[in-house]
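Worksheet for the structure shown next.
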Amino acid sequence: MFNEVEIRAATTAFIASVCVLTVTFVGGGIYWQHNGRLAKDKPSSESEALVAKGRSLFLQSCSHCHGRDADGGEDAPSLLKLQISGAHMTLVIQNGIKDEMPSFAKKYNDADVEKIVAYLKTLK
Ligand code: HEC
């Protein structure tokens with residue numbers, strides 16, 4: 001059987017490893033939370049740039065129909081308060097609408113369309 005010294009050593013080792021684990025998990029959690037916050041800050045300025053670029057593309061290609069502020073023109077509806085999803089906006093921009101709106105698939109690549117959609121999503 002174990003003698004007293006062995007039992008005490010084992011107990012000490014056990015407590016020590018629990019401490020190490022606790023520090024690792026709690027410390028790790030704080031680290032990830034902190035990092036997560038940093039990671040979230042970054043895309044917000046990136047998405048601002050995306051929206052700004054999208055707006056300038058919109059002014060070049062869409063505003064003569066949909067209005068400078070996307071609030072509707074003579075021939076095209078307002079794009080404010082759009083009820084459709086981003087994926088649906090992407091489809092409309094890429095495919096156009098027969099007899100109503102031209103397709104922009106040749107003019108704009110996926111990244112450009114993404115910028116325009118980012119802009120449309122900010123409209124209220
Ligand atoms: C030639 C004029 C014209 C141009 C240029 C044009 N559109 Fe349109 N767009 C229309 C018309 C007209 C409709 C409505 C068609 C319908 O409802 O049948 C429409 C519909 C849409 C819709 C769907 C709205 C809804 O409520 O479902 C979106 C989104 C849209 N346009 C975005 C754009 C974007 C972004 C651009 C520029 C890349 C653009 N349009 C350029 C004429 C145009």
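Every number for a ligand or one of its atoms is a count from 1 in the order of the listing. Every heavy atom of this structure was used, including side-chain atoms; hydrogens, water molecules and symmetry mates were not.
With contacts defined as side-chain heavy-atom distances shorter than 4.5 Å, the pair E48/V51 does not qualify. Between D110 and T90, every side-chain heavy-atom pair lies at or beyond the 4.5 Å cut-off. In this structure, K107 and S61 have side chains that are in contact, with non-hydrogen atoms separated by less than 4.5 Å. Taking the side chain as every heavy atom from C-beta outward, F58 and L79 approach each other to under 4.5 Å.
Neither the backbone nor the side chain of Q83 has a heavy atom within less than 4.0 Å of ligand 1. The proximity of H64 to ligand 1, defined as any non-hydrogen pair under 4.0 Å, is limited to the side chain.
Residue side and main chain included, C65 places no N/O/S atom under 2.8 Å of atom 8 (Fe) of ligand 1.
In summary, the atoms of ligand 1 found under 4.0 Å from a heavy atom of I116, numbered by their order in the structure, are 35 (C). Here is the list of ligand 1 atoms found below 4.0 Å of a heavy atom in I84: 27 (O). Near P102, with a cut-off below 4.0 Å to any heavy atom, the atoms of ligand 1 are 1 (C), 3 (C), 4 (C). Taking a cut-off of under 4.0 Å to the non-hydrogen atoms of D75, the atoms of ligand 1 that pass are 12 (C). Atoms of ligand 1 found under 4.0 Å from any heavy atom of L82 (numbered from 1 in listed order, with element): 24 (C), 25 (C), 26 (O), 29 (C). Short contacts between ligand 1 and I93, defined as distances under 4.0 Å to a heavy atom of the residue, involve ligand atoms 35 (C). The distance from ligand 1 to the heavy atoms of I97 drops below 4.0 Å at these ligand atoms: 15 (C), 19 (C), 20 (C).
Between S61 and ligand 1, no pair of N/O atoms sits closer than 3.5 Å.
A donor-acceptor pair under 3.5 Å is formed between the side chain of S85 and the backbone N or O of H88.
Remark: atom 17 (O) of ligand 1 lies closer than 4.0 Å to no protein heavy atom.
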